[in-house]
Peer 1: 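Provided herewith is a single structure, encoded as structure tokens, for subsequent inquiry.
Position 1 is the first residue of the sequence; numbering continues from there. Keep in mind it's a predicted model, so treat the numbers as computed, not measured.
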Amino acid sequence: MSVPPSNPYGAPAAASSTDAFSRGQMRSLRLKQVDPLSCAKMMGALYLLGGLVLAVFFAFVALLGAAGGNNIAAGMVGGLIGAILMPLFYGVLGFIIGLVMAFLYNLCAGVIGGIEMQFEE
């Protein structure tokens, strides 16, 4: 099997729609390795977005709690600080977790063989 010069990784190129697989047939591929840094960036972004959603809820609850208490300003400031710091904390935590999990996935995939996925062409 020849390797096209435009493929920098030296792996065979994916089959095109004119190959043996006709439209509508399933083809299985195996995910053998994940780039830890790209996984960490994606997980960090997803956790940051999840933290933003939770921050809105957190700020709303803090404002409700502040309205019922004696020191309204302190409750509002604490709620807003928490709403700002929560997404940042979640984003950093997601980045670290994504990096570690991608590394662990690569170790396990080397032993087990990776995740098999099916794609329809």
Peer 1: So, taking the atom named CG in L99 and the one named CG in L104, what distance separates them when rounded to the nearest 0.5 Å?
Peer 2: 10.0 Å
Peer 1: Kindly compute the distance separating CD (E120) from CZ (R27), expressed to the nearest 0.5 Å.
Peer 2: 11.5 Å
Peer 1: How far does CD1 of I97 sit from OH of Y90, to the nearest 0.5 angstrom?
Peer 2: 10.0 Å
Peer 1: Indicate if L93 and F58 have the same hydrophobic cluster label, given that clusters are the connected sets of ILVMFWY residues with side-chain heavy-atom separations under 4.5 angstrom.
Peer 2: yes
Peer 1: Any chance you could measure M86, atom CE, to Y47, atom OH, to the nearest 0.5 Å?
Peer 2: 14.5 Å
Peer 1: Would you kindly confirm whether V100 and F103 end up in one hydrophobic cluster when ILVMFWY residues are joined by side chain heavy atoms under 4.5 Å apart?
Peer 2: yes
Peer 1: For S28 and E116, work out which heavy atoms get closest and say how close.
Peer 2: OG-OE2, 3.3 Å
Peer 1: Over all heavy atoms of both residues, which pair between K32 and A109 is shortest? Give the atoms and the distance, please.
Peer 2: O-CB, 3.3 Å
Peer 1: Output the distance between atom CG (D35) and atom CE (M42), rounded to the nearest 0.5 Å.
Peer 2: 11.5 Å
Peer 1: Please say yes or no: joined through hydrophobic side-chain contacts below 4.5 Å, possibly via intermediate residues, are I115 and V34 part of one cluster?
Peer 2: yes
Peer 1: For residues A55 and A83, report the shortest heavy-atom separation together with the two atoms involved.
Peer 2: CB-O, 3.2 Å
Peer 1: Evaluate side chain to side chain contact (heavy atoms under 4.5 Å, CB included) for I112 paired with Y105, printing each intermediate quantity in order.
Peer 2: CA-CA 10 Å; I112 298 170; Y105 177 84; over 6 Å; no
Peer 1: Would you sort out whether L29 and F119 count as a side chain to side chain contact (heavy atoms under 4.5 Å, CB included), showing the intermediate values?
Peer 2: CA-CA 8 Å; L29 298 174; F119 294 94; 3.7 Å; yes
Peer 1: Kindly give the heavy-atom pair with the smallest separation between C39 and G98, and that separation in Å.
Peer 2: SG-O, 3.7 Å
Peer 1: What's the spacing between N106 CG and M101 CE if we round to 0.5 Å?
Peer 2: 11.5 Å
